Amino acid sequence: MDTGSSIALLLRSDTPSPDDCNLAEILDFFGVPWTALTVSEANGGNVASLAASHPQFSILTSAACLAETLQSCKVGTFPAWLAAAASVFVYGFQAADPCRALLRQITGDPEADIRGIDPRLITVSITDTFPDMCGPMSALRIQLESGAADAALVIRHGAELQSIVAASEGHLFAEFAHSGVRFFVDASLAMVDIRERAATYFDVKKRFAGAVPIVMYLKWSFRDVCWTTSEINACLTIDDPLLRPRYGFLDFGELLQLANKHTFATTLAFIPWNWHRTNRDTIAAFRQNSVKLSVCVHGCDHTRGEFSARSAELLDRKLRTARRRMQSLLNKTALDYDNVMVFPQGAFSPEAVSALKRNGFVAAVNTGVAPADVALNETTLADLWSVAITRYGGFSIYTRRYIDHGIENFAFDGLLGKPCLLVGHHDLFRDRGSELSEFVRQLARLRWKLCWRTLGDAVCRSYSIRRDGGTIIVRMFAEQLRFENMEAVTRRIRVVKPDSQIDSLKDFTVNQDVAAYEYIDGCLRLIVNIPPGKTADIRCVYHEQRNDFLVSESVSYRLKVAVRRYLSELRDNCRAYLFRFASRETGPSSPKPE
């Protein structure tokens, strides 16, 4: 371990509590080096050598452990090792005398108190004066659902007090300095267990306590050593429409005007079955505006649950058919496509994810975060916090959100370093895109570096980085990585790609040249030197699957697919027509587009 780097000193009980273990898992997730210090060791004076070997450290502890450690100290004084810490993060203030006494001791406020929050809706405000810590969540007001916050701290006279997250009940997260020590106090009673299985999105409106404050603190306090990102890539994906001038509420001319006005990029999740049902002018608009408009692969026939199947043979056949159809679209129109899969209805099986990998896809982007069969779900909260889910076959599934998930969830994703991937259907343009325009403006106001790109480009540029001396470690997720060197000197990067299944890997290539790599501890490792102003295009190349003769589907199946596709189009177009007709009869229901 590099003793010159920032390190976390985890002060905990002699027998680690569940919260101690949860906090350690979170530290490991962010790549923060840490060492444990028990209360007995601290009280026994065995700290001086530890502090000396790690000159830059911060302390993380529960209120109960810190109270036990400080009980022999005089009021207003702290041990030399604690005073030497860059900062101290304290959580878990139970409404009991020891924690209350500790709060008063470390704040210097004799009336400081702990207030429980009843299970009900509350509104929290995040400060706009500490952007280095709060990042894109700065200045947000969030209505939390019942149970999302469990306690608040009432501090009125603390020295140099800065509230970071506040509610009417008190401070949920605050900073203050007392007797030369910089404290960050988190009212959360417990730390979230990121090993917990998850079947749906992470929602800060439901899981604020034990999650948001610790992420803010770690990303700020250990910014030089933890996994981070240099930019947040963004894309709007619209599912299902045909490549025709209008589909339902969506008018591609109006979409392009909005994209130009608000500088966003859009990818159409295109159903391969529709490859021959295109319009020449619409295709031309996509080709002429390839920086803002693209298409990716949306299933194959788009039948219900077609990629929740578990048969490898069936899945391979579906994917080969989908790729063949997209190639036919390319041959017919010269419109290329992003080699990214969006699963129909968000449904997938673990076998489908592995099939994408061996059939040459770069990544999946999806609304569903867990397999369709609940029994197969291995997705954890850590997976949802990561840039992409890689649990299934080592292949990346990037998650996307609807606008109604709320700006706070997009902001928290940005704090974590996840890409900003929006999804909608044609009805997102019900009012000619007014809701979309307003949401894009909200995204633009957040404090982050947001880069709008088409979907394929966005996922290839979404990775995590950290420094190790003069080398930059880049954690690769998608099967393709684009790393741009904007500096005036050559940059040396070490690419690391976790992958438990590499049997079918043929080569690692850099700008199409085969490169030497290692496979150590379940990770592919590659060193790349990038000249100034250049971009490295790094790819995992897999052995091609044998292209067996495509089995023809039955006539009845093909008929059902055709009926489904035409009826879906008819349904969407009729809904839009009836809405416009009703609007003419009753007058406009919303402001006209700008």
Side-chain angles (χ1 to χ4, degrees), residues 8-14 16-17 19-20 23 36-48 50-51 57-117 130 133 149-167 169-191 209-210 213-214 216-217 220-221:
L9 189 61
L10 183 52
L11 177 63
R12 63 190 191 186
S13 55
D14 293 352
S17 69
D19 282 321
D20 291 330
L23 184 52
L37 174 68
T38 67
V39 172
S40 297
E41 290 170 337
N43 289 336
N46 301 324
V47 189
L50 183 64
F57 68 95
S58 292
I59 299 170
L60 294 93
T61 184
S62 67
C65 286
L66 187 59
E68 186 178 353
T69 304
L70 298 183
Q71 62 183 354
S72 61
C73 296
K74 294 181 180 179
V75 176
T77 64
F78 300 114
W81 59 270
L82 189 143
S87 63
V88 181
F89 177 89
V90 191
Y91 71 96
F93 286 88
Q94 303 288 335
D97 289 342
C99 289
R100 187 175 292 107
L102 171 71
L103 183 63
R104 293 173 179 177
Q105 179 181 358
I106 64 177
T107 60
D109 180 0
E111 298 179 358
D113 206 354
I114 303 158
R115 179 178 297 168
I117 297 177
F130 203 164
M133 175 171 285
D150 45 26
L153 305 177
V154 181
I155 308 169
R156 294 187 175 88
H157 308 294
E160 302 179 39
L161 173 68
Q162 175 172 2
S163 182
I164 301 172
V165 181
E169 290 80 1
H171 305 285
L172 274 65
F173 188 34
E175 174 202 3
F176 58 86
H178 185 60
S179 297
V181 181
R182 193 175 187 184
F183 288 95
F184 289 86
V185 290
D186 175 10
S188 304
L189 296 180
M191 287 287 108
I214 184 62
M216 286 181 173
Y217 176 77
W220 170 80
S221 181

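Quick caveat, the model's predicted, so the values are computed rather than measured.
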S.K.: Can you tell me how far CZ of Arg104 sits from CD1 of Ile114, rounded to the nearest 0.5 angstrom?
M.R.: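 Going from the CD1 atom of Ile114 to the CZ atom of Arg104 covers 8.5 Å.
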S.K.: Step by step, work out the side-chain contact (heavy atoms from CB on, under 4.5 Å) result for Val185 and His171.
M.R.: CA-CA 9 Å; Val185 290; His171 305 285; over 6 Å; no
S.K.: I'd like to know if the side chain of Asp19 pairs up with that of Ser17 as donor and acceptor (distance under 3.5 Å, no hydrogens or angles considered).
M.R.: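 Asp19 vs Ser17: no donor-acceptor pair found between side chains.
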S.K.: What distance do Gln71 atom CD and Leu66 atom CG have between them, rounded to the nearest 0.5 Å?
M.R.: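 So the gap between those two atoms works out to 11.0 Å.
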S.K.: So, applying side-chain contact (heavy atoms from CB on, under 4.5 Å) with Cys65, which one of Asp14, Leu37, Val90, Val39 is it?
M.R.: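 The side-chain contact (heavy atoms from CB on, under 4.5 Å) with Cys65 is passed solely by Val39 among Asp14, Leu37, Val90, Val39.
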S.K.: If you define the side chain from C-beta out and look only at heavy atoms, does anything of Phe130 sit under 4.5 Å from Met216?
M.R.: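 Result no, sub-4.5 Å side-chain heavy-atom pair not found.
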S.K.: Please name the pair of heavy atoms, one in Thr38 and one in Ser13, separated by the smallest distance, quoted to 0.1 Å.
M.R.: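 Of all heavy-atom pairs spanning Thr38 and Ser13, the closest is CG2-O, 4.2 Å.
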S.K.: What is the distance from atom CZ of Phe89 to atom CG of Leu23, rounded to the nearest 0.5 Å?
M.R.: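 Rounded to the nearest 0.5 Å, the CZ-CG separation comes out at 7.5 Å.
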S.K.: Measure the acute angle between the ring planes of Phe184 and Phe173, then classify it against the limits of 30° and 60° as parallel, tilted or perpendicular.
M.R.: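 Correct class here is tilted.
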S.K.: Between atom CD1 of Ile106 and atom OG of Ser179, what is the distance when rounded to the nearest 0.5 Å?
M.R.: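 Those atoms lie 11.0 Å apart.
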S.K.: Nearest heavy-atom pair of Ser87 and Ser221: which atoms, and what distance?
M.R.: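 Scanning both residues completely, I find the closest heavy atoms to be OG-OG, 3.9 Å.
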S.K.: Is it the case that the side chain of Asp109 and the backbone of Arg156 share a donor-acceptor pair, with hydrogens and angles ignored and the cut-off at 3.5 Å?
M.R.: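 Flag set: sc Asp109 to bb Arg156 pair under 3.5 Å.
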S.K.: Looking only at heavy atoms, which two atoms of Ala209 and Ala149 are closest? And how far apart?
M.R.: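 Where Ala209 meets Ala149 most closely, the heavy atoms are CB-CA, 4.1 Å.
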S.K.: Which pair of non-hydrogen atoms, one from Pro79 and one from Leu70, has the smallest distance, and what is that distance?
M.R.: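 For Pro79 versus Leu70, the nearest heavy atoms are CD-CD2, 3.6 Å.
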S.K.: Which pair of non-hydrogen atoms, one from Tyr217 and one from Ile59, has the smallest distance, and what is that distance?
M.R.: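 Shortest heavy-atom separation between Tyr217 and Ile59 comes out as OH-O, 4.3 Å.
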S.K.: Compare every heavy atom of Ala112 with every heavy atom of Thr107, then report the nearest pair and how far apart it is.
M.R.: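 It is OG1-CB, 3.9 Å.
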S.K.: Which value, rounded to the nearest 0.5 Å, describes the distance between Leu189 atom CG and Asp150 atom CG?
M.R.: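 Those atoms lie 3.5 Å apart.
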S.K.: Give the C-alpha distance, both sets of side-chain angles, the deciding distance and a yes or no for side-chain contact (heavy atoms from CB on, under 4.5 Å) between Phe93 and Leu103.
M.R.: CA-CA 8 Å; Phe93 286 88; Leu103 183 63; 4.0 Å; yes
S.K.: For the CG atom of Asp186 and the CG atom of Leu172, what is their distance to the nearest 0.5 Å?
M.R.: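 Result: 8.0 Å between the selected atoms.
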S.K.: Looking at side-chain heavy atoms only, is the closest gap between Leu11 and Val88 below 4.5 Å?
M.R.: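 In short, these two side chains do not touch, never coming nearer than 4.5 Å.
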S.K.: Is the Phe78-Phe183 ring centre distance short of 6.0 angstrom?
M.R.: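 Yes, they do, as the ring centres are separated by less than 6.0 Å.
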S.K.: Compare all side-chain heavy atoms of Thr69 with those of Leu82 and state whether any distance is below 4.5 angstrom.
M.R.: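 Not in contact.
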